[in-house]
Amino acid sequence: MGHNELTEQEILRRESLDKIRELGIDPYPAALYPVTHLSSEIKENYKEEILEDGTKNRLNFQDVCLAGRLMNMREAGKAMFMNIQDADGRIQLYLRREELSENDDYTFFDQLIKKLLDIGDYIGVKGFAFKTKTGETTIHVTSFTLLSKSLKPLPVVKTDAEGNVFDAVSDPEFRYRQRYVDLTVNQGVKEVFLKRTKMVNAIREYLNEHGGIEVDTPVLQNIPGGAAARPFITHHNALDVPFYLRIANELYLKRLIVGGFDFVYEFSRNFRNEGMDRTHNPEFTVLEFYVAYKDYFWMMDFTEKLLEKVALASNGTTDLPVGNNIISFKAPYKRIALYDAIKEYTGFDVNGMDETALRDVCKKLNIPTDESMGVGKLIDEIFSEKCEKNFIQPTFIIDYPEEMSPLTKKHRSKPGLVERFELMVNGKEVANAYSELNDPIDQRMRFEEQAQLMERGDDEAMFIDHDFLRALEYGMPPTSGIGIGIDRLAMLLTNQQSIQEVLFFPQMKPKQEN
RNA sequence: GAUCUCGUAGCUCAGCCGGUAGAGCAUUUGACUUUUAAUCAAAGGGUCUCGGGUUCGAAUCCCGACGAGAUCACCA
């Protein structure tokens, strides 16, 4: 097929469109359609009884109005069955020529309904509910309105009585580029996204209940701070300055804590100019929240309760299937120190080791290293290579080396460590939190160490943010903060293996379309 | 960015030891007033992702481009 040519089916639909107009029917009417019910309400609640004389008495839904997309048509002579799909599901319609015609003029039924209608059209119907002799709740249509004509053939996916699906649209490229088709046609896709919304709503509700204030902070930033990552760069024309798309919002939320908010949160769309794969999209969502006068122990308690609630809200249970495992989000979660985890899974006690000793350990464990890696990075490598994958059930890994945590407060009792935890679930990090560093002089030194790492070749090291330091100098209360990967959490709660399955429109390389 | 695999009708796929395309669903025509992956009968629909090469001849073999998926690297 050439680039601008229409297919046979598209031409036929355009011809049908013309014929509909010739019949005096507007294929795209402007007026609202007075929908009274969703398909699910009727299917779940319709009742009828059989009277003594054998006739049926229909008890409810005898004057309803529904609208939806036409998904299936079965002609049966002077009658017809259809299925429409609305926001909540599908329901069957039953139409009879006699009842949809005036006098002996069958044009409307024989032409519009039988010939000119296509799968994918939006229609509205008025009628009454009944059960067919096969027991399916059906709307007996007494009035019919075309609401919007479809000009492209929708893939037809069928499901049999046992639930076997035939011809599902399975090409991932098709599904992601034309998500509207995927959502319309593939059963279950919508549910994943509805679960994600329930999850986000539950989080918001929980944070609000506990005094959280939702805020917005800049996406366009002068200095891409709060995380170690390569940013996207853009340009502001009027100011003639470069801007970075945010890689994290951490430093801005802490500025708000300095400004007197005690508990702020933001669902932050972050952008990182790095590789894409099953678990990475260039833009992704992280929930960050910061609570004044708290520490990371409080944050662990709060987080496990939050996740327990979220699992219940989205799935109705705390025990969820994830891949081949059942993961329990029921609080409390196990807590293990980073060094203890390393000792448990490698046999090496890295506590107090210097860079040379750590390189030696890496060599023995067959972990490749390079010159730019400092103590923190080496320990991080050992953990992610040898330990991370073992933590299937939610587990807090606590107390990280100072060098890999430039925004974290020094440990109150363990020298060289900071008060930080990461939450591991299904062998992957879903949250990262700490007692926030609020000592401005210490913070300045940490930034300077980062600057040195950057010179040494670490392209993930952080920039020095002087305004943030100034804010800390005015004084920030002791605070605990956390970042939770919302897409990753959604993957866990919906048992999806790819981030693309929990993003409506995952990033795709542009492709020339017809 | 690297490696591997894939790209045939609207959808799902077959054909791939080279001889210029096939099925099911969808579409069109006809039959049928409770069917339901409706059924029955007939028909139409493809620059086989794009561009080169080898060959008498390429969907099929080779090279390149584009797009996708998986694995790896980087990261959340």
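Atoms considered below: every heavy atom in the structure, side chains included; atoms not considered: hydrogens, waters and symmetry mates.
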Novice: Mind checking what makes side chain to side chain donor-acceptor pair (under 3.5 Å) contact with Thr197(A), not counting sequence neighbours?
Specialist: none
Novice: Heavy-atom count check: over 12 atoms from other residues, nucleotides or ligands less than 6.0 Å from Glu49(A) CD?
Specialist: yes
Novice: Taking the nucleotide of RNA chain B with the nearest heavy atom to each, does Ala161(A) or Phe174(A) sit closer to the 5' end?
Specialist: Phe174(A)
Novice: When you compare the ring of Phe166(A) with the six-membered ring of rA37(B)'s base, are the centres less than 5.5 Å apart and the planes under 30° from each other?
Specialist: yes
Novice: Stepwise, does the salt bridge (Lys or Arg N to Asp or Glu O under 4.0 Å) test hold for Arg14(A) with Glu10(A)?
Specialist: CA-CA 6 Å; Arg14(A) 278 166 165 76; Glu10(A) 288 170 322; 5.3 Å; no
Novice: Could you state the atom-to-atom distance from CE of Met82(A) to C1' of rU34(B) in whole Å?
Specialist: 15 Å
Novice: Any salt bridge between Glu422(A) and Arg420(A), counting N to O under 4.0 Å?
Specialist: yes
Novice: Which base sits across from rC40(B) as a Watson-Crick or G-U pair, both distances under 3.5 Å?
Specialist: rG30(B)
Novice: Using Watson-Crick or G-U wobble geometry with both distances under 3.5 Å, which nucleotide pairs with rG7(B)?
Specialist: rC66(B)
Novice: Does a side-chain N or O of Ser170(A) approach OP1 or OP2 of rC13(B) to a distance below 4.0 Å, or not?
Specialist: yes
Novice: Would you kindly give the CG-to-C1' distance between Asp160(A) and rA37(B), to the nearest whole Å?
Specialist: 6 Å
Novice: So which of residues 113-130 of chain A are in contact with RNA chain B, with a heavy-atom cut-off of under 4.0 Å?
Specialist: Lys115(A), Phe130(A)
Novice: So which one's nearest nucleotide on RNA chain B is more toward 5', Val156(A) or Glu75(A)?
Specialist: Val156(A)
Novice: How does protein contact run along nucleotides 2-7 of chain B, one letter per nucleotide 5' to 3', with B for base contact, S for sugar-phosphate only, - for none, heavy atoms under 4.0 Å?
Specialist: ------
Novice: Side-chain contact, heavy-atom cut-off 4.5 Å: Asn270(A) with Leu245(A)?
Specialist: no
Novice: Output yes when Lys254(A) and Glu436(A) qualify as a salt bridge under the 4.0 Å nitrogen-oxygen rule, no when they do not.
Specialist: yes
Novice: How many Å lie between CZ on Arg175(A) and C1' on rU12(B), as a whole number?
Specialist: 14 Å
Novice: Any salt bridge between Glu283(A) and Arg272(A), counting N to O under 4.0 Å?
Specialist: no
Novice: Tell me what Glu429(A) touches on the nucleic acid: a base, only sugar-phosphate, or nothing, going by heavy atoms under 4.0 Å.
Specialist: sugar-phosphate
Novice: Rounding to an integer number of angstrom, what distance separates rG15(B) and rA23(B) when you compare their P atoms?
Specialist: 15 Å
Novice: Test Glu501(A) against every option in Arg175(A), Arg278(A), Arg196(A) by the salt bridge (Lys or Arg N to Asp or Glu O under 4.0 Å) rule and name the one that passes.
Specialist: Arg175(A)
Novice: Just how far, in rounded Å, is C1' of rU33(B) from NZ of Lys78(A)?
Specialist: 7 Å
Novice: Can a donor-acceptor pair be found between the side chains of Asn281(A) and Gln507(A) at a distance below 3.5 Å?
Specialist: no
Novice: Taking only the side-chain nitrogens and oxygens of Lys158(A), find out if one of them lies under 4.0 Å from OP1 or OP2 of rA38(B).
Specialist: yes
Novice: Determine the interatomic distance between C1' on rG46(B) and the same-named atom on rA21(B); round to the nearest Å.
Specialist: 8 Å
Novice: Scan Gly275(A) against the nucleic acid and name what it touches under 4.0 Å (heavy atoms): base, sugar-phosphate only, or nothing.
Specialist: base
Novice: What is the distance, rounded to the nearest whole Å, between atom CG of Asn186(A) and atom C1' of rA37(B)?
Specialist: 15 Å
Novice: Round to a whole Å and report the spacing from CG of Asp110(A) to C1' of rA31(B).
Specialist: 14 Å
Novice: Report the nucleotide, chosen from rU28(B), rU33(B), rC25(B), that has the shortest atom-to-atom distance to any side-chain atom of Arg96(A).
Specialist: rU33(B)
Novice: With C1' as the reference atom in both, quote the distance from rU49(B) to rA68(B) in angstrom, rounded to an integer.
Specialist: 11 Å
Novice: Strictly below 4.0 Å, N to O, side chains only: are Glu191(A) and Lys195(A) in salt-bridge contact?
Specialist: no
Novice: When the C1' atoms of rG57(B) and rC61(B) are compared, how many Å lie between them, rounded to an integer?
Specialist: 13 Å
Novice: Please list all pairs meeting ring-ring contact (aromatic ring centres under 6.0 Å, His included) that have one or both residues in residues 76-107 of chain A, counting only residues at least two apart or in different chains.
Specialist: Phe81(A)-Tyr94(A), Tyr94(A)-Phe130(A), Tyr94(A)-His140(A)
Novice: Under 3.5 Å for both donor-acceptor distances, Watson-Crick or wobble: does rA21(B) have a partner, and if so which one?
Specialist: none
Novice: With rounding to the closest Å, how many angstrom separate the C1' atoms on rG24(B) and rA38(B)?
Specialist: 16 Å
Novice: Let me know the distance between CG of Leu6(A) and C1' of rG45(B), rounded to the nearest Å.
Specialist: 14 Å
Novice: I'd like to know if Lys511(A) and Glu173(A) make a salt bridge, using a cut-off of under 4.0 Å between side-chain N and carboxylate O.
Specialist: yes
Novice: Is it true that Arg230(A) and Glu274(A) have a side-chain N and a carboxylate O under 4.0 angstrom from each other?
Specialist: no
Novice: Quick one: side chain to side chain donor-acceptor pair (under 3.5 Å) partners of Arg204(A), sequence neighbours excluded?
Specialist: Glu214(A)
Novice: For rC48(B), give its Watson-Crick or G-U wobble partner with both distances under 3.5 Å, or none.
Specialist: none
Novice: Less than 4.0 Å between a side-chain N and a carboxylate O, is that true for Arg335(A) and Glu304(A)?
Specialist: yes
Novice: NA contact type, Ala168(A), heavy-atom cut-off 4.0 Å: base, sugar-phosphate, or nothing?
Specialist: sugar-phosphate
Novice: Which of these nucleotides, rG24(B), rG67(B), rU34(B), is closest to any side-chain atom of Lys511(A)?
Specialist: rG67(B)
Novice: Whole angstrom is fine here: how far is it from CD in Glu8(A) over to C1' in rC11(B)?
Specialist: 15 Å
Novice: Using atom P in both nucleotides, what's the gap between rC63(B) and rU5(B) to the nearest angstrom?
Specialist: 11 Å
Novice: Using the P atom as the reference point in each nucleotide, state the distance between rC48(B) and rC11(B) in Å, no decimals.
Specialist: 15 Å
Novice: Mind checking who rC72(B) pairs with, Watson-Crick or G-U wobble, both distances under 3.5 Å?
Specialist: rG1(B)
Novice: Would you measure the distance from the C1' atom in rU12(B) across to the matching atom in rG51(B) and give it in whole Å?
Specialist: 29 Å
Novice: Using only side-chain N and O atoms of Asn72(A), determine if any of them is under 4.0 Å from OP1 or OP2 of rA26(B).
Specialist: no
Novice: Between protein and nucleotides 68-71 of chain B, what N or O pairs are separated by less than 3.5 Å?
Specialist:
residue, atom, partner, partner atom, Å
rA68(B), OP1, Arg177(A), NH2, 3.4
rA68(B), OP1, Lys509(A), N, 2.9
rA68(B), O4', Glu173(A), OE1, 3.1
rG69(B), OP1, Gln500(A), OE1, 2.7
rG69(B), OP1, Gln500(A), NE2, 3.4
rU71(B), OP1, Arg278(A), NH1, 3.1
rU71(B), OP2, Arg278(A), NH1, 2.9

